[in-house]
> 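Got a structure for you, questions after.
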Amino acid sequence: MPEERESDHRPSPDALLKEAQRESRGQLKIFLGAAPGVGKTYEMLASGRTRLKEGADVVIGVVETHGRRETQALVEGFEIVPRRRVSYKGRQLEEMDLDAILARKPDLVLVDELAHTNAPDSRHAKRYMDVEELLAAGINVYSTLNIQHVESLNDVVAQITRIRVRETVPDAIIDRADEIEVIDITPSDLIQRLHDGKVYVPDTARRAVDNYFSPGNLTALRELALRRTAQRVDEQLLSHMRAHAISGPWAAGERVLVCISEDKRCAALVRYAKRLADRLRAPWVALYVETQRSFQLGDTERDRIAEVLRLAERLGAEAVTVPGGAHIADDVLGYARSANVTQIVIGKSDRSRWFEILHGSVVHDLVRRSGNISVHVIAGDAGPPASDEARAVAPLPVRREVRAYAEGAFLVAAATLVGVALQRLLGLQNVALVFLTAVLVSAVRSGLWPALATSVAAMLAFNFFFIPPLYTFTIADPENVIALFFFLVVAAIASNLTARVRGQALAARARAKTTEDLYLFSKKLASAVSLDDLLWATAFQIASMLKVRVVMLLPEDGALTVKAGYPPEDAIDAADLAAANWTYENNRPAGRGADTLPGARRLFLPMHTGRGAVGVVGIDKDKEGPPLSPEERRLLDALADQAALAVERANLVSDVEKARLDAETDRLRSALLTSISHDLKTPLASILGAAGTLRSFAAALTEEQRGEMLATIEEEALRLNRFIANLLDMTRLESGAIVPNASPTDLAEIVGSAMRRAASILKDHRVEIDLAPDLPMLNVDPVLFEQALFNLLDNAAKYAPAGSLVSLHGWVENGHVTLQVLDEGPGIPDEDVDKVFDKFFRARKQDQVRAGTGLGLAICRGFIEALGGTIAVANRADRSGAVFTIDLPARALAPMLEAAP
């Protein structure tokens with residue numbers, strides 16, 4: 001028996017890494033139930049109490065007793081971390097206080113209802129995310145979960161119970177759990193508990209029995225819970241065996257493996273393995289070992305292997321392809337022991353006895369070396385046995401074959417010439433090494449069969465030219481017969497080994513090239529800026545690596561649309577579009593070479609992620625038959641998976657941006673409605689009140705009172721006009737409709753006009769204007785600049801107390817004109833300095849009353865930036881108050897004005 005490879009006796013690095021990661025994290029134990037009311041919370045509390053008695057530091061993060069007295073009794077004695085109160089839609093919700101638990105850092109925390117959705121504004125949307133953070137902090141967690149909340153079983157549960165569960169947890173949470181304890185009671189006992197009021201209140205219990213807690217539903221849910229737990233236990237067993245380099249199988253559970261080859265009867269083997277796995281209720285694997293011979297198979301055999309692997313996947317198997325060496329049986333058994341396989345299914349060989357003596361038998365080797373793994377040797381009944389022609393490897397192209405044999409003849413001739421030249425110096429035995437070198441060179445360059453032909457030619461040449469009697473094929477000395485025979489044997493063995501190493505080197509080089517291409521492709525996808533760049537990069541990569549024509553389709557406005565292709569001018573017809581739509585809707589291949597719509601010109605494959613299909617890739621090749629070999633199909637799957645993840649990432653970015661814009665739109669809409677309902681309604685109410693008073697009591701009012709009423713109407717009308725003007729200006733800014741009408745303007749004139757407009761709002765303040773006499777003319781739009789300056793003065797009047805000083809200073813420095821508006825108000829809170837120019841942002845006044853629409857300063861920034869300047873805000877350093885600084889580039893316009901006619 002050949003020695004087993006060293007890797008078979010070493011622990012799996014992946015399994016060791018998982019164990020190391022678990023050691024640095026907290027331990028998670030899930031109490032899993034088939035339905036509410038089976039006693040998960042009770043068992044969690046009981047287990048926690050046991051740990052508490054053992055001296056562990058145990059606290060309750062959140063436990064829902066639902067009013068059950070026996071559960072409430074178990075809560076007593078535990079330290080309970082107070083819950084965090086959250087206000088939501090007028091209600092007070094209580095959530096687990098994650099930060100308090102992290103600060104407390106107990107040994108163990110009890111967290112009920114793992115699938116719970118947290119209240120808005122919580123750090124995590126789901127409670128299982130809180131648990132993950134606790135585990136990452138090294139805190140052990142006990143939690144509860146019902147099987148209907150597992151994401152992968154959501155559709156199954158909905159089909160059984162006709163109720164769709166909205167709160168789910170990813171399967172990765174169960175896969176990550178260190179322990180799972182199934183809490184199970186019979187359906188009759190659970191229904192009796194419902195009737196006794198131990199699960200729900202009577203009315204709720206009655207509806208639950210009628211709609212959910214039927215005996216059939218509960219039995220199906222129990223089976224789901226037990227099967228999912230058994231699956232997790234099986235994964236833990238495999239991980240333990242790999243981490244400790246334990247050679248399997250451990251027959252704790254059955255696992256079936258079927259060996260795939262190019263034989264026509266392999267489809268029957270797959271179906272038999274499916275029936276066997278169903279009888280054993282076991283998972284199963286379809287395994288293909290890729291050897292040097294695999295690269296020499298014809299297209300028919302390659303397509304047959306790919307089809308059999310796809311058949312196995314459709315029947316529920318895991319299709320696996322592994323690289324192999326000289327002994328296929330060792331590779332199969334190595335994988336079987338690492339995967340804890342207990343049953344191997346392989347086809348019966350119909351090769352002759354002489355062939356098996358010369359080349360060995362995989363079936364016999366498996367049976368002899370399988371140990372405690374059962375081997376099923378099946379004859380198969382799907383059609384006639386494979387013919388010798390079908391099993392033969394694909395011949396080399398005629399030109400390449402002739403050239404290989406011609407190279408061998410040339411190498412023998414060259415070796416003969418070198419041998420003749422060196423015979424006198426080296427002797428006959430050393431001349432044989434020259435011919436052996438020619439054989440090795442032929443094996444390296446051309447493979448096995450040309451090398452064997454070169455071996456025979458080298459033997460004949462060595463005999464004819466160097467073994468007495470010379471120039472005949474007669475051998476006089478019997479010793480030379482033996483030497484020549486062993487020369488031929490050594491040459492044949494050396495050529496065989498060299499050709500095998502050459503094949504393995506070519507295979508390794510091809511895999512390395514593929515791996516490098518995939519790595520470079522992943523880097524290209526990571527650097528793609530837009531979705532179009534990503535799709536074009538994917539189409540080009542698939543076309544260049546697989547030598548096919550490619551189209552890529554993504555959904556747009558409810559229909560699949562061609563988004564990229566290579567070559568770019570390639571078009572798609574109605575039949576191809578129908579196949580593409582079927583692929584996208586069913587998440588399965590369709591079109592040429594597939595089971596569905598095989599009449600299409602292209603083969604379409606789904607680009608899918610965990611969220612489903614995100615697009616479709618279609619390929620086409622000029623040759624007849626399936627467009628891809630098994631290796632090319634696996635490569636395309638890898639490329640499509642990477643592209644799907646990149647498309648999903650781009651879609652998520654787009655979704656996040658859309659959600660942000662929607663939230664911003666909602667916020668602006670809400671602020672606008674608030675502004676209209678308050679800031680516009682208030683001046684309207686004042687105007688209506690004053691006008692109504694004048695109309696009804698004009699005769700009773702004195703002249704002074706009528707003047708006050710008219711002044712109120714005018715002042716509030718101006719205020720209303722400012723609000724409407726701000727809204728209109730902001731709309732123009734958002735739409736990009738504002739185009740500055742720049743002209744040479746004197747800054748003093750703009751300041752004077754703005755001060756006249758602001759006279760009424762500044763009447764209760766002291767005003768100081770200090771403009772440098774050397775201010776140049778500014779090439780600005782005077783209307784926009786005056787409005788910006790007016791908004792700054794209006795803002796100062798709102799926030800500065802009556803009687804305080806509002807200052808306006810202007811000077812020129814380093815080719816820039818600087819204008820500052822200073823007030824003596826309370827200033828701007830540090831956290832609001834960066835927000836004052838945002839739309840609808842309004843700082844609070846000292847009396848806690850919001851002022852204005854929150855658009856004035858945003859309009860200031862828009863106008864000033866449209867004029868080519870900048871605006872900034874800061875708190876005054878010399879006293880309380882704010883200072884707004886406008887900076888505009890100065891232009892020497894005086895000479896231009898003097899030169900004008």
Side-chain angles (χ1 to χ4, degrees), residues 4-5 7-12 14-16 18-19 152-153 171 174-175 177 180 182 223-261 266-290 308-324 328-348 362-363 365-378 380:
E4 294 185 355
R5 289 168 294 183
S7 60
D8 294 338
H9 301 282
R10 292 183 297 181
S12 166
D14 292 336
L16 290 176
K18 288 181 179 179
E19 288 201 352
S152 64
L153 301 177
D171 288 60
I174 291 189
D175 296 336
I180 297 178
V182 179
E223 182 173 359
L224 285 177
L226 293 172
R227 282 184 177 273
R228 188 62 181 85
T229 305
Q231 178 184 345
R232 175 58 186 145
V233 171
D234 184 60
E235 293 170 355
Q236 287 178 323
L237 177 62
L238 280 177
S239 180
H240 174 79
M241 294 174 65
R242 289 169 178 169
H244 294 83
I246 298 173
S247 179
W250 281 2
E254 299 290 347
R255 188 181 293 267
V256 179
L257 181 147
V258 57
C259 298
I260 302 301
S261 70
C266 262
L269 294 185
V270 168
R271 298 186 185 97
Y272 175 85
K274 166 64 175 174
R275 295 193 298 272
L276 176 63
D278 288 344
R279 288 197 301 271
L280 298 175
R281 295 182 176 272
W284 61 297
V285 179
L287 178 69
Y288 175 65
V289 179
E290 190 177 62
V308 171
L309 289 174
R310 288 195 291 270
L311 172 64
E313 288 182 329
R314 289 197 299 270
L315 295 177
E318 178 187 1
V320 177
T321 300
V322 297
I328 296 178
D330 291 342
D331 299 311
V332 172
L333 290 173
Y335 178 85
R337 292 190 175 102
S338 67
N340 203 32
V341 169
T342 59
Q343 312 277 340
I344 294 179
V345 177
I346 190 170
K348 179 183 177 181
V362 175
V363 175
D365 290 343
L366 274 179
V367 172
R368 285 195 301 268
R369 304 173 189 174
S370 60
N372 54 352
I373 301 177
S374 300
V375 179
H376 302 251
V377 182
I378 307 301

> Under the side chain to side chain contact (heavy atoms under 4.5 Å, CB included) rule, collect the residues that match up with Ala277, sequence neighbours excluded.
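Per chain and number, Ala277 pairs via side chain to side chain contact (heavy atoms under 4.5 Å, CB included) with Val256, Trp284.
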
> State the CD1-CG distance between Ile328 and Leu287, to the nearest 0.5 angstrom.
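It comes to 10.5 Å.
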
> Tell me which one of Val363, Val289, Val362, Val332 satisfies side chain to side chain contact (heavy atoms under 4.5 Å, CB included) with Cys259.
Val332

> Say you draw a straight line from CD of Gln343 to CG of Leu276; how long is it, rounded to the nearest 0.5 Å?
5.5 Å

> With rounding to the nearest 0.5 angstrom, report the CD1 to CG distance, Ile373 to Leu333.
6.0 Å

> Answer yes or no: is there a side-chain heavy-atom contact under 4.5 Å between Tyr288 and Val308?
no

> What's the separation between atom OG in Ser370 and atom CD1 in Ile344, rounded to the nearest 0.5 Å?
6.5 Å

> Just wondering, do Val270 and Ile260 contact through their side chains at under 4.5 Å, heavy atoms?
yes

> Shortest non-hydrogen contact from Ala317 to Ala286?
CB-N, 4.3 Å

> Under the rule for side chain to side chain contact (heavy atoms under 4.5 Å, CB included), what residues qualify as partners of Glu313, not counting sequence neighbours?
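Glu313 satisfies side chain to side chain contact (heavy atoms under 4.5 Å, CB included) with Ala319 only.
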
> Check side-chain hydrogen bond (donor to acceptor under 3.5 Å, both in side chains) between Thr321 and all other residues, then give those that pass, not counting sequence neighbours.
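In terms of side-chain hydrogen bond (donor to acceptor under 3.5 Å, both in side chains), with neighbours along the sequence ignored, Thr321 is linked to Arg634.
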
> Would you say that Leu311 contacts Arg271 through its side chain, given a criterion of any heavy-atom pair below 4.5 Å between the two side chains?
yes

> Do Val345 and Ile378 come close enough that some side-chain heavy atom pair is under 4.5 Å?
yes

> Indicate yes or no for a side-chain donor-acceptor contact from Thr342 to the backbone of Arg255 under 3.5 Å, with no hydrogens or angles considered.
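Confirmed, Thr342 side chain pairs with Arg255 backbone.
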
> Under a 4.0 Å N-O cut-off, is there an ion pair linking Arg275 with Asp278?
no

> From Leu366 CG over to His376 NE2, what is the distance, rounded to the nearest 0.5 angstrom?
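Rounded to the nearest 0.5 Å, the CG-NE2 separation comes to 12.5 Å.
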
> Would you please test Tyr335 and Leu257 for side chain to side chain contact (heavy atoms under 4.5 Å, CB included) and show each step?
CA-CA 10 Å; Tyr335 178 85; Leu257 181 147; 3.5 Å; yes

> Using only atom types and a distance under 3.5 Å, with no angle test, would you say the side chain of Lys274 pairs donor to acceptor with the backbone of Leu315?
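Flag set: sc Lys274 to bb Leu315 pair under 3.5 Å.
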
